[in-house]
Amino acid sequence: MAEDLLVDPETDPWATYAVDPGLSRRLTARVVCAPAPETVLTHTPMTGAPLARLPQSTPGDVTVAYASARSAQRSWSRTPMPQRARIFLRFHDLVLERQSELLDFMQLETGKARMHGFEEIADTAMVSRHYARRAAGYLRPHRRPGAFPLISRPVELRHPKGVVGIVAPWNYSLSMSITDAIPALLAGNAVVLLPDNQSALTALAAVGLLYEAGLPEGVLQVVLGDGPTVGGAVFELADYVCFTGSTATGRLVAQNAARRLVGATLELGGKNAMYVAEDANIGKAVDGAVQACFSSAGQLCISIERLYLHQLIADEFLDAFVVAVQSMRLSPALTFDADMGSLVSAAQLKKVIAHVEDARSKGAVVLAGGRARPDIGPYFYEPTVLADVTAAMDVRDEETFGPVVSVYRVSSDDEAIRRANESDYGLNASVWTRDVARGRRIGRLIKAGTVNINDGYAAAWASVGAPMGGMKSSGLSRRHGSEGITKYTESQNITAQHVVGFTPPFGLSAERWARTLTVALGAMKRAGIR
Ligand code: NAD
């Protein structure tokens with residue numbers, strides 16, 4: 001692919017300078033940046049070829065983005081909810097209709113297999129549909145019980161926070177860039193979004209579709225740049241912070257939010273466990289484990305990196321699992337034929353190699369994979385299964401964020417639960433058993449924000465009406481469901497007091513008023529008032 005800049009930065013400072021002319025033509029959303037910005041060249045992990053020359057925003061540009069967003073937010077917050085919702089229902093349709101070009105961007109930027117990209121198409125459509133249909137209900141004014149029936153009448157209102165700052169990682173380039181923005185926008189906020197440079201084209205394509213769906217100009221601003229400088233500037237001005245990324249960066253973001261006293265959602269790392277009980281359907285559990293461990297080459301926060309097998313079925317499961325893993329098709333093709341794609345970068349490949357080699361050198365057994373595949377693409381690595389992993393090995397407790405799973409044998413549900421909870425993380429877990437009631441009992445005892453029974457991760461993720469997020473070092477707050485939108489609002493209690501107030505009426509002494517209230521409180525408890 002020869003470098004062929006389509007737009008002269010001197011004359012069109014807003015453009016994204018895609019190296020591939022076909023890709024550039026499809027982008028309509030703009031990056032907020034000054035004329036003649038610095039640029040960064042990205043490459044596709046599929047082949048290593050240049051992909052896009054991206055303009056970089058400065059902290060000053062972030063200030064400009066916030067000013068425009070604040071001005072646009074004032075009229076957006078007054079736009080009636082049905083009108084807002086219609087935009088997101090149109091966006092839902094556009095995402096499905098234009099999925100092919102979105103999938104091209106996703107695959108070229110992240111290296112993932114097309115099927116794994118499709119998960120993000122479905123996720124984005126489902127989140128859009130859900131909040132378009134449910135935002136009004138989640139946010140409508142609620143009458144609440146007052147101090148005294150009929151006398152104190154509170155109404156709870158929800159107001160938008162203002163401008164929400166969102167910083168997103170590269171791994172789920174569509175989902176992570178846009179699905180947190182959807183409820184924020186529907187709640188009447190504006191958004192300033194910083195996608196990772198490695199996922200900028202996908203994010204800009206999605207933002208372009210939102211504007212095409214009718215989002216008013218200025219309500220969603222995109223800036224690009226490095227995390228510490230430009231991401232720091234995004235969070236410095238945000239009325240609410242939404243961060244998805246590593247736990248290490250999440251801690252810095254949390255410190256900053258605490259200093260500024262603004263709310264924050266932190267969606268962070270995981271070291272997720274799957275338990276296969278002795279009564280599980282082994283064929284389904286094997287298929288589920290292949291998907292859960294190797295989707296997006298394991299670069300998925302909720303993917304499974306620890307596999308606990310009941311000793312009664314461990315051999316049967318492993319025999320089938322190893323064969324299934326060894327027969328996975330790796331390919332850089334932009335088609336649905338591959339089972340797994342590439343890692344995103346040299347840094348990710350280096351980390352995966354380091355974890356596997358550290359484990360191998362300390363006595364782990366490689367049951368499948370364990371090799372880089374430069375013959376397929378520069379950052380391809382085989383799906384890998386490790387056994388005999390011990391606490392001395394980095395791969396046991398650290399997030400690999402790659403296609404590597406360690407298998408362990410357990411002798412009971414209690415042991416599986418204990419081992420699953422032996423982690424600083426608490427993002428996702430999976431339990432396989434034919435007895436769903438048993439699965440639910442086990443699930444309640446696992447400290448993870450989502451637990452999937454007879455599925456690896458997709459069941460809970462796709463259930464967008466229910467909350468999703470991390471316990472322990474995996475994060476704070478939740479996306480999806482009511483929490484996923486009310487967090488972007490300030491609640492307000494407006495209470496009207498009728499007939500009598502809280503000061504002694506009718507010339508009563510304070511003492512008699514206190515006695516009267518004591519009788520009234522006792523009567524309210526006896527009457528079952530809550
Ligand atoms: P990262 O923390 O290095 O970067 C994430 C994003 O934050 C990037 O866009 C980066 O530019 C930006 N950033 C970096 N430093 C910053 C700072 N000081 N202030 C503001 N922004 C900053 O993470 P990564 O390696 O890009 O992503 C992989 C990690 O993300 C993994 O740990 C994975 O588990 C996690 N993740 C979590 C979820 C979830 O929903 N829980 C989803 C996807 C990824």
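Whatever order the structure lists them in is the order used to number ligands and atoms, beginning at 1. FYI, the numbering just counts along the sequence from 1.
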Would you mind finding which of [options] brings a heavy atom closest to [atom]?
| atom | options | value |
| --- | --- | --- |
| atom 15 (N) of ligand 1 | V344, I166, L268, T249 | T249 |
| atom 33 (C) of ligand 1 | W170, F401, F235 | F401 |
| atom 2 (O) of ligand 1 | G250, S246, G245, S345 | S246 |
| atom 36 (N) of ligand 1 | C301, G232, G165 | C301 |

Under 3.5 Å, is there a donor-acceptor pair between the side chain of T179 and the main chain of S175? yes

Strictly under 4.0 Å, does any heavy atom of R479 approach an atom of ligand 1? yes

Min heavy-atom dist G470 to ligand 1 below 4.0 Å: no

Protein non-hydrogen atom below 4.0 angstrom of atom 4 (O) of ligand 1 present: no

Structural part of [X] in contact with ligand 1, heavy atom criterion under 4.0 angstrom:
| X | result |
| --- | --- |
| V167 | side chain |
| Q299 | neither |
| V234 | neither |
| A168 | backbone |
| Y172 | neither |

Describe, in one word, how the ring planes of F88 and F91 are oriented to each other, choosing from parallel (under 30°), tilted (30 to 60°) and perpendicular (over 60°). perpendicular

Measure the acute angle between the ring planes of F243 and F235, then classify it against the limits of 30° and 60° as parallel, tilted or perpendicular. perpendicular

CG of N197 to CG of L51, rounded to nearest 0.5 Å, is 11.5 Å

Kindly compute the distance separating CD1 (I304) from CZ (R306), expressed to the nearest 0.5 Å. 8.5 Å

What's the verdict on salt bridge (Lys or Arg N to Asp or Glu O under 4.0 Å) for R98 and E212, showing C-alpha distance, side-chain angles and the deciding distance? CA-CA 12 Å; R98 309 275 184 82; E212 197 175 326; 2.4 Å; yes

What atoms in ligand 1 come closer than 4.0 Å to a heavy atom of [X]?
| X | value |
| --- | --- |
| L427 | 41 (N) |
| N171 | 43 (C), 44 (C) |
| E267 | 37 (C), 38 (C), 39 (C), 40 (O), 41 (N) |

Walk me through it: do W170 and F401 pass the test ring pair (Phe, Tyr, Trp, His ring centres under 6.0 Å)? CA-CA 12 Å; W170 45 265; F401 218 52; 5.7 Å; yes

[atom]: nearest protein contact (heavy atom, Å):
| atom | value |
| --- | --- |
| atom 7 (O) of ligand 1 | F243 CE1, 3.2 Å |
| atom 27 (O) of ligand 1 | P169 CB, 3.7 Å |
| atom 8 (C) of ligand 1 | D196 OD2, 3.5 Å |
| atom 13 (N) of ligand 1 | G227 CA, 3.3 Å |
| atom 18 (N) of ligand 1 | P228 CA, 3.6 Å |
| atom 32 (O) of ligand 1 | E399 OE1, 2.6 Å |

Between H92 and Y131, does a ring pair (Phe, Tyr, Trp, His ring centres under 6.0 Å) hold up when you go through it step by step? CA-CA 11 Å; H92 166 279; Y131 283 115; over 10 Å; no

Do the two ring centres, one from Y308 and one from Y275, sit under 6.0 Å apart? no

Does the separation of the ring centres of Y379 and H43 fall below 6.0 angstrom? no

In terms of side-chain geometry, is the basic nitrogen of E382 or R373 positioned less than 4.0 Å from the acidic oxygen of its partner? yes

Is NZ or CZ of K112 both nearer than 6.0 Å to the six-membered ring centre of Y172 and within 45° of the ring axis? yes

Is the CZ atom of R133 crowded by more than 12 outside heavy atoms at less than 6.0 Å? no

